[in-house]
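All remarks here apply to the structure that follows.
Computed from a predicted structure; not experimentally measured.
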Amino acid sequence: MRELTAGVDEAGRGPLAGPVVVAAVILNPLYVVTGLNDSKKLSAKQRETLYPEIRDKALAWSIVEVGVEEIDEINILQATLLGMRRAVERLTPLPTLALVDGNQAPRLACEVRTIVHGDSLEPAISAASILAKVYRDHLMSAWHQRYPCYGFDRHKGYPTAEHLRLLRENGPCAIHRQSFSPVRNLL
């Protein structure tokens, strides 16, 4: 049996609002996706172009959200690890090895290897990084339609000066993470 390797990465650990999004990808060796890199090193246009190509060419992929309620209940690290487990468990076929960006390993049924800066070093992790980032960016733009006074379409929930100012002016909304101190301090 040949080894099936999944790349796993997240987007949205640092924001004050919205879910953390985790993606897992098993690339298909028969269909190369060119231009893969850490999503933060690519332009929005490059990510948007790669997003459907990764989904079309991958052997398997999954994207999961871990919502604000779970983040507030179990903390952002545990929510991220939970999301990684859920994302890998939803892959069909299941991988025999998961390469995870960073230095924290989720508990999985398969072998796990963590790789610091893996989103720049391993194509499968790069692909997961892109899927998670694009999906989360789209989600935050959609939340902007419901809560336009926060500017989620611009800062995606990250604690920018603009977001912090709007948060002070308007108070937290339903998608703000109450366990994060800038939000908690306003409650």
Side-chain angles (χ1 to χ4, degrees), residues 6-25 38-40 61-91 95 97-120 122 124-144 146-147 150-168 170-187:
V8 184
D9 200 6
E10 55 71 29
R13 277 183 68 176
L16 304 177
V20 63
V21 173
V22 180
V25 178
D38 173 1
S39 64
K40 294 177 290 299
W61 61 270
S62 71
I63 300 171
V64 299
E65 300 174 34
V66 180
V68 172
E69 298 81 14
E70 282 186 288
I71 292 169
D72 286 339
E73 184 179 323
I74 63 175
N75 80 44
I76 188 61
L77 173 60
Q78 294 307 313
T80 301
L81 295 173
L82 177 62
M84 289 177 173
R85 190 177 83 229
R86 289 175 179 166
V88 170
E89 288 173 349
R90 291 183 184 170
L91 293 172
L97 170 65
L99 302 176
V100 177
D101 184 51
N103 61 5
Q104 298 285 327
R107 291 185 184 173
L108 301 175
C110 64
E111 180 185 353
V112 180
R113 282 189 220 142
T114 59
I115 303 172
V116 175
H117 305 298
D119 47 5
S120 296
E122 285 289 337
I125 299 176
S126 299
S129 168
I130 293 163
L131 290 189
K133 172 77 172 136
V134 171
Y135 182 94
R136 188 176 191 287
D137 284 356
H138 289 179
L139 195 61
M140 294 309 293
S141 292
W143 278 114
H144 174 74
R146 182 150 183 206
Y147 301 108
Y150 296 99
F152 292 134
D153 61 329
R154 294 182 299 280
H155 54 67
K156 310 302 186 216
Y158 284 89
T160 63
E162 175 196 23
H163 186 193
L164 292 170
R165 178 181 57 78
L166 294 170
L167 183 58
R168 282 190 303 273
N170 300 296
C173 72
I175 67 162
H176 278 101
R177 299 172 182 177
Q178 294 182 17
S179 59
F180 282 45
S181 61
V183 178
R184 187 176 58 241
N185 294 340
L186 293 171
L187 294 172

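Under the 4.5 Å side-chain criterion, counting only non-hydrogen atoms from C-beta, His163 is not in contact with Pro182. Counting heavy atoms from C-beta on, the side chains of Lys156 and Ser141 come closer than 4.5 Å. Val66 has its side chain out of reach of Glu10: every pair of non-hydrogen atoms, C-beta onward, lies at least 4.5 Å apart. Under the 4.5 Å side-chain criterion, counting only non-hydrogen atoms from C-beta, Arg168 is in contact with Leu164. Taking the side chain as every heavy atom from C-beta outward, His117 and Asp38 never approach each other to under 4.5 Å. Contact annotation: the side chain of Val21 approaches that of Pro19 to within less than 4.5 Å [non-hydrogen atoms, C-beta and beyond]. No side-chain heavy atom of Thr160 sits less than 4.5 Å from a side-chain heavy atom of Arg165. Put simply, the side chain of Asp119 does not reach to within 4.5 Å of the side chain of Ser39, judged on heavy atoms.
Environment of CZ in Arg146: sparse, with no more than 12 heavy atoms of neighbouring residues, nucleotides or ligands closer than 6.0 Å.
Heavy atoms only, all atoms of each residue included: Val20 and Arg177 are closest at N-NH2, 3.7 Å. What you find for Ala124 and Ala6 is that their closest heavy atoms are CB-C, 4.4 Å.
By the side chain to side chain contact (heavy atoms under 4.5 Å, CB included) test, Ala87 is found to be paired with Val22, Ala24, Ser62, Val64, residues two or more places apart in sequence or in another chain being considered.
Under the ring pair (Phe, Tyr, Trp, His ring centres under 6.0 Å) rule, His176 has a single partner from Tyr147, Phe152, Trp143, which is Phe152.
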Enumerate, atom names and distances included, each donor-acceptor pair closer than 3.5 Å involving a side-chain atom of residues 108-115, sequence neighbours excluded.
{"from": "Glu111", "atom 1": "OE2", "to": "Arg113", "atom 2": "NE", "distance (Å)": "3.3"}
{"from": "Glu111", "atom 1": "OE2", "to": "Arg113", "atom 2": "NH2", "distance (Å)": "3.4"}

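Counting only distance, with no hydrogens or angles, the side chain of Asp101 and the backbone of Asp9 share no donor-acceptor pair below 3.5 Å. Judged by distance alone, the side chain of Ser129 and the main-chain N or O of Ile125 form no donor-acceptor pair under 3.5 Å.
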